Amino acid sequence: MSVFTYRDGVMHVEGVAIPAMATQVGTPFYCYSAAALRAAWREFADATAGMNARVCYAMKANSSLAVVRLLGGMGAGADIVSEGEMRVALAAGIPAGRIVYSGVGKKPSELAAALQAGVGQFNVESAAELETLNAVAGQLGLKAEIAIRVNPDVDAGTHAKITTGRKGDKFGIDIDLAREAFALAGRLPHLKVAGVAMHIGSQLTSLDPYRGSIARVRELIGALREDGHRIERFDIGGGLGIVYRDETPPSVADFMATVRRETDGLDCELTFEPGRRVVGEAGILVGEVILVKPGAAKTFVIVDAAMNDLIRPTLYEAWHEIQPVREARPEAAKIRCDIVGPVCESGDFLAQDRDLSPLSAGDLIVVRSAGAYGAVMASTYNTRPLVPEVMVDGTRFAVTRPRPSIEAMLAAEWLPPWMEPLKGS
Ligand code: LLP
């Protein structure tokens with residue numbers, strides 16, 4: 001059941017009418033449904049009940065403090081890729097022991113901060129990182145629990161920019177070289193080898209790539225045990241897809257059943273790092289039509305949300321559903337249009353060639369499935385303030401990150417001390 005529904009012809013998020021939020025917050029803004037977040041999280045919690053498994057929410061999808069707090073309150077661990085994400089996770093109350101630190105390039109200062117905080121697992125992606133982590137842990141008199149991320153060389157069948165598990169991708173250690181890396185890790189005194197990790201890509205809509213790569217890692221785990229390593233954990237990564245248009249991603253329950261089958265008898269604690277599947281469908285981006293510009297070939301609907309607020313259409317040719325906040329009359333004629341932002345780039349569009357009933361200045365529109373990789377990838381390009389975030393819970397809503405004022409943006413910039421004021425100003 002969707003939490004984004006028309007009531008009396010006006011789209012609501014749970015019990016809150018979108019125009020009421022737009023009046024208070026201004027547009028554009030992101031809005032997240034607490035009920036949808038809880039429901040998505042519960043699917044993972046229910047599907048892993050009784051399994052020796054933990055679910056670490058991949059914060060890169062949406063690191064809003066309120067979102068992370070809500071998920072942490074339901075028992076989520078966190079998968080992080082920076083010191084910044086670690087600080088948000090800790091501020092949200094997620095215990096350090098439930099944090100997995102992923103990423104291909106962690107700086108020594110970041111590793112030190114994570115070691116000092118007590119982060120539970122470091123997913124290491126190169127021999128160089130093994131050496132650095134060992135050295136940093138040694139300086140601090142600590143021992144780091146690690147998994148080594150291997151690249152199983154499978155094609156996840158997803159967009160080229162978000163596939164990660166093929167030879168030639170920068171991620172993980174080539175599975176054929178993994179035994180050497182484990183041997184090195186075993187010799188380093190400040191590392192405790194705990195397991196193997198993988199993550200093969202994002203927005204996967206088939207379970208086959210998971211099956212294929214789990215089989216390969218399973219074989220590796222056997223070889224590593226023969227080599228004398230204690231492999232207690234297997235981190236399967238994230239990647240489960242969501243619905244943007246007409247995709248039919250597997251249910252979380254089916255995904256878990258497959259993983260259970262493929263890992264049967266392996267005797268490992270499993271880790272999952274879902275991001276998009278937890279937050280993607282729970283969020284929308286709301287914008288307002290600035291003007292409509294009819295053209296010879298098609299009509300441009302120019303809205304106040306742009307590529308700097310949601311870059312997925314521009315970057316990945318991603319398709320997001322666009323809906324009017326005031327429900328269109330079913331008999332209204334449709335016109336072919338591009339929904340575009342005001343940014344000075346031809347690539348600044350939210351949707352192209354859509355047949356929508358006519359919109360006019362002042363109308364509100366909604367971009368669906370924008371909860372993942374939306375606000376977190378926003379920028380201030382064209383000196384547009386970062387888009388604010390709002391959370392709805394039942395009939396309540398609250399701004400969880402306000403729109404910075406232009407004054408605040410200006411105050412965050414410094415002139416070199418030698419620059420004189422312009423004459424006449
Ligand atoms: N674990 C690791 C190591 C990852 O690199 C990622 C995502 C995840 C977990 C979470 O994957 P998810 O469950 O969200 O698919 N900006 C792109 C997606 C980039 C994904 C990067 N890694 C997009 O908007 O489609």
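Both counts, for ligands and for their atoms, begin at 1 and track the order of listing. Note that this is a predicted model, so its numbers are computed, not measured.
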Salt bridge [X]-[Y], side-chain N to carboxylate O under 4.0 Å:
{"X": "E226", "Y": "R179", "value": "no"}
{"X": "R368", "Y": "E321", "value": "no"}
{"X": "R149", "Y": "D235", "value": "no"}

### Task
Check the pair E281 / Y244 against side-chain contact (heavy atoms from CB on, under 4.5 Å), numbers first and verdict last.
CA-CA 8 Å; E281 291 179 33; Y244 288 99; over 6 Å; no
With respect to [atom], which of [options] exhibits the smallest heavy-atom separation?
{"atom": "atom 20 (C) of ligand 1", "options": "Y373, Y57, F272, Y316", "value": "Y373"}
{"atom": "atom 11 (O) of ligand 1", "options": "H199, R276, R277", "value": "H199"}
{"atom": "atom 22 (N) of ligand 1", "options": "E125, K60, M59", "value": "K60"}

### Summary
Going by the 4.0 angstrom heavy-atom rule, the piece of A58 near ligand 1 is side chain
### Message
Taking 4.0 Å as the limit for heavy-atom contacts, which would you say applies to L315 with ligand 1: side chain only, backbone only, both, or neither?
### Response
neither
Contacting atoms of ligand 1, where contact means under 4.0 angstrom from a heavy atom of [X]:
{"X": "G275", "answer": "12 (P), 13 (O), 14 (O)"}
{"X": "P274", "answer": "13 (O)"}
{"X": "E273", "answer": "1 (N), 2 (C), 3 (C), 8 (C), 9 (C), 10 (C), 13 (O)"}
{"X": "G238", "answer": "9 (C), 13 (O)"}
{"X": "M377", "answer": "16 (N)"}
{"X": "R149", "answer": "3 (C)"}
{"X": "G239", "answer": "11 (O), 12 (P), 13 (O), 15 (O)"}

#### Entry: Criterion side-chain contact (heavy atoms from CB on, under 4.5 Å) on R403 and L386, from CA distance to verdict
CA-CA 6 Å; R403 190 188 318 277; L386 271 187; over 6 Å; no
### Query
Taking only residues two or more places apart in sequence or in another chain, which ones pass salt bridge (charged side-chain N to carboxylate O under 4.0 Å, His left out) with K298?
D338, D353
Enumerate donor-acceptor pairs with a distance under 3.5 Å from any side-chain N or O in residues 82-94 to protein atoms, sequence neighbours excluded.
unit_1	atom_1	unit_2	atom_2	d
S82	OG	G84	N	3.3
S82	OG	E85	N	3.0
E85	OE1	V81	N	2.9
E85	OE2	K60	N	3.3

### Task
Kindly indicate, with the supporting measurements, whether the criterion side-chain contact (heavy atoms from CB on, under 4.5 Å) is fulfilled by I18 and C31.
CA-CA 9 Å; I18 291 176; C31 178; over 6 Å; no
